[in-house]
2 protein chains.
Amino acid sequence: MSAGEPEPEQGPEPGTVRPGGRTARVRAAVLQAAGDVLAEQGFAHLDLGDVARRAQVGRTTVYRRWGTVTALVADLLQDMAEQSLPRTETGSLLGDLRANARLVQRTLTDARQGPLFKAVIAAATWDARTAEALHRFYDTRVAEWAPCVRQAADRGEVPEDTDAHEVIRAVSAPLYYRLLTSDVPLDRAAADRAAEAAAAAARAGAYVRHHKRT
Amino acid sequence: MSAGEPEPEQGPEPGTVRPGGRTARVRAAVLQAAGDVLAEQGFAHLDLGDVARRAQVGRTTVYRRWGTVTALVADLLQDMAEQSLPRTETGSLLGDLRANARLVQRTLTDARQGPLFKAVIAAATWDARTAEALHRFYDTRVAEWAPCVRQAADRGEVPEDTDAHEVIRAVSAPLYYRLLTSDVPLDRAAADRAAEAAAAAARAGAYVRHHKRT
DNA sequence: CCATTAAAGGAACTGGAGTCCCGTTATGAG
DNA sequence: CTCATAACGGGACTCCAGTTCCTTTAATGG
């Protein structure tokens, strides 16, 4: 096999060589417009042509830079991931988990972020790249909060070999489940209940690693 | 207001007047084909024309009877809902919840049902009708299992005023959360952990109604 | 076994999402 | 400031999902 043949030679991704000035302005306008459509009309009406018109940007540009709705949604998630709120420390496991639960609840009921998360989850079920982006996003978020479980273990609130990540996931899980499978709106009470349940289960040792019980 | 004007007069839904013979055969073939596509290629490739070809059915027929991918997926869910497995009773809350968790886990990892559930959840995020169908489906399923929590309360395993539906949802939540936000496959250990966590939290009183704690 | 007509199905048609081509703008390097 | 070219943008074009129209098949009632 001879290498060095005139391959299709796909250069660097558009927008990476001259990311300043206009390019950045275009990206911001498009993401803004896409977020607007999601918040106003939902994922179903997210059309690249429509987004281009709203963003006052050439249709060609949107197709060249993003190409598909799922890619656009994934980029929107990427953009949101950069504005991560810092973890608050309250001194108790229940307090920390409640802070986390309320943060998630506020995010999911937010007029802009809520629809976005629904859209990303939907997009992830039929596009592998988006799914990967979504998984990384949650891995990161969970890792950010996991230390509070570690601290609780040091304080003796939960068993030493508790799986911290699993506890953090246990806080979010009921909120997302309700968001997706029910029409009852997510309220603060639901968040507090999720936090309390996770804390209680953790204390009872339901999240210890290498489970040996029957 | 005078009634009886010559309204657009949209007759009964197609397939409701002569549901026997060919009509039933067509419905079965289409749902079968749709399920095949979902299992093999996922929601993204679910195209009505393709489904029609696989089902050896006229394209027009599929468009007339279902019209959209979401409607077809909703009907698929309806069809699946009819084959509901009976609840098993083990005599203990943990045993019952574990049975439920394992049932959910088996369903979500099933080659046909797993992709279907992902698809339905995705479809529900952008189509109100599908969302309603999905919500009803889960309300029904949760209600089927709730009695086991009631029985546990009678046995004194959990507080008297425990919200039974909330406990059942707490069992499924971590499984769905992991299905959607992670690439780690759902195994039986995850199911057992979900059941144990829900049981522990319920015992600790995290699901009592009219919460008054701080 | 007919007659009625609900429902299926073939085929041509249409509109708009996505692509292509090429001229225009303005970024970033020297 | 000047130049090379990355990235944008308008407009024509393509292609196929979804619709329409009409013919054929067969489910149901008598």
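A note on names: the letters A, B, ... follow the listed sequences, proteins ahead of strands, and every chain is numbered from 1. Hydrogens, waters and symmetry mates are skipped; everything else that's a heavy atom, side chains included, is used.
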Assign Thr68(A) to base, sugar-phosphate, or nothing according to its heavy-atom contacts below 4.0 angstrom with the strands shown.
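Counting heavy atoms under 4.0 Å across all strands, no contact is made by Thr68(A).
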Before giving the answer on side-chain contact (heavy atoms from CB on, under 4.5 Å), spell out for Gln78(B) and Phe137(B) the whole-Å C-alpha distance, their side-chain angles and the decisive distance to 0.1 Å.
CA-CA 8 Å; Gln78(B) 182 69 26; Phe137(B) 175 82; over 6 Å; no
So that I can tick it off, tell me whether Asp192(A) and Arg188(A) are bridged by a salt bridge, with the cut-off set at under 4.0 angstrom between side-chain N and carboxylate O.
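Asp192(A) and Arg188(A): not salt-bridged.
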Let's see if you get this right: which residues in residues 48-63 of chain B place a heavy atom under 4.0 Å from DNA chain C?
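Output list: Val57(B), Gly58(B), Arg59(B), Thr60(B), Thr61(B).
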List in numerical order all residues of residues 24-43 of chain B for which some heavy atom is under 4.0 Å away from an atom belonging to DNA chain C.
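Within residues 24-43 of chain B, the residues near DNA chain C are Val26(B).
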Specify the closest pair of heavy atoms between [X] and [Y], including all atoms of both residues, with the distance to one decimal.
X	Y	result
Ser84(A)	Glu144(A)	OG-OE1, 3.1 Å
Ala191(A)	Ala101(A)	O-CB, 3.3 Å
Ala122(B)	Thr125(A)	CB-OG1, 3.1 Å

Side chain of Val17(A): nearest nucleotide among dA6(D), dT25(C), dT5(C)?
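Closest nucleotide to the Val17(A) side chain: dA6(D).
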Nearest listed nucleotide, side chain of Asp47(B), among dA7(D), dA17(D), dA7(C):
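Comparing dA7(D), dA17(D), dA7(C) against the side chain of Asp47(B), the answer is dA17(D).
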side-chain contact (heavy atoms from CB on, under 4.5 Å) with Ala199(B): which residues, sequence neighbours excluded?
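For Ala199(B), the residues satisfying side-chain contact (heavy atoms from CB on, under 4.5 Å) (neighbours in sequence not counted) are Leu93(B), Leu94(B), Leu97(B), Arg203(B).
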Exercise answer: donor-acceptor pairs, residues 25-35 of chain B side-chain atoms, under 3.5 Å, sequence neighbours excluded:
| from | atom 1 | to | atom 2 | distance (Å) |
| --- | --- | --- | --- | --- |
| Arg27(B) | NH1 | Asp75(B) | OD1 | 2.8 |
| Arg27(B) | NH1 | Asp75(B) | OD2 | 2.9 |
| Gln32(B) | NE2 | Asp36(B) | OD1 | 3.4 |

In whole Å, what is the span from the [atom1] atom of [X] to the [atom2] atom of [N]?
X	N	atom1	atom2	result
Glu13(B)	dA6(C)	CD	C1'	14 Å
Leu46(B)	dA17(D)	CG	P	12 Å
Arg22(A)	dT27(C)	CZ	P	7 Å
Arg18(B)	dA27(D)	CZ	P	9 Å

Which pairs would a plain distance check flag for residues 53-65 of chain B, meaning a side-chain donor or acceptor within less than 3.5 Å of a matching protein atom at least two apart in sequence or in another chain?
| from | atom 1 | to | atom 2 | distance (Å) |
| --- | --- | --- | --- | --- |
| Arg53(B) | NH1 | Asp50(B) | OD1 | 3.2 |
| Arg54(B) | NH1 | Glu40(B) | OE1 | 3.4 |
| Arg54(B) | NH2 | Glu40(B) | OE1 | 3.0 |

When the nearest nucleotide of DNA chain D is assigned to Gly21(B) and to Val69(B) on a heavy-atom basis, which residue is associated with the more 5' position?
Val69(B)
Do the side-chain N or O atoms of Arg65(B) get closer than 4.0 angstrom to the phosphate oxygens (OP1, OP2) of dA8(C)?
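So the side-chain polar atoms of Arg65(B) do come within 4.0 Å of the phosphate oxygens OP1 or OP2 of dA8(C), strictly under.
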Pairs under 3.5 angstrom only: tabulate donor-acceptor contacts from the side chains of residues 166-177 of chain A to other protein residues two or more places apart or in another chain.
| from | atom 1 | to | atom 2 | distance (Å) |
| --- | --- | --- | --- | --- |
| Glu166(A) | OE1 | Arg169(A) | NH1 | 3.2 |
| Glu166(A) | OE2 | Arg193(B) | NH1 | 3.2 |
| Tyr176(A) | OH | Tyr138(A) | OH | 2.7 |

Considering only heavy atoms and no angle criterion, is a donor-acceptor pair shorter than 3.5 Å present between the side chain of Arg64(B) and the base of dA8(C)?
yes
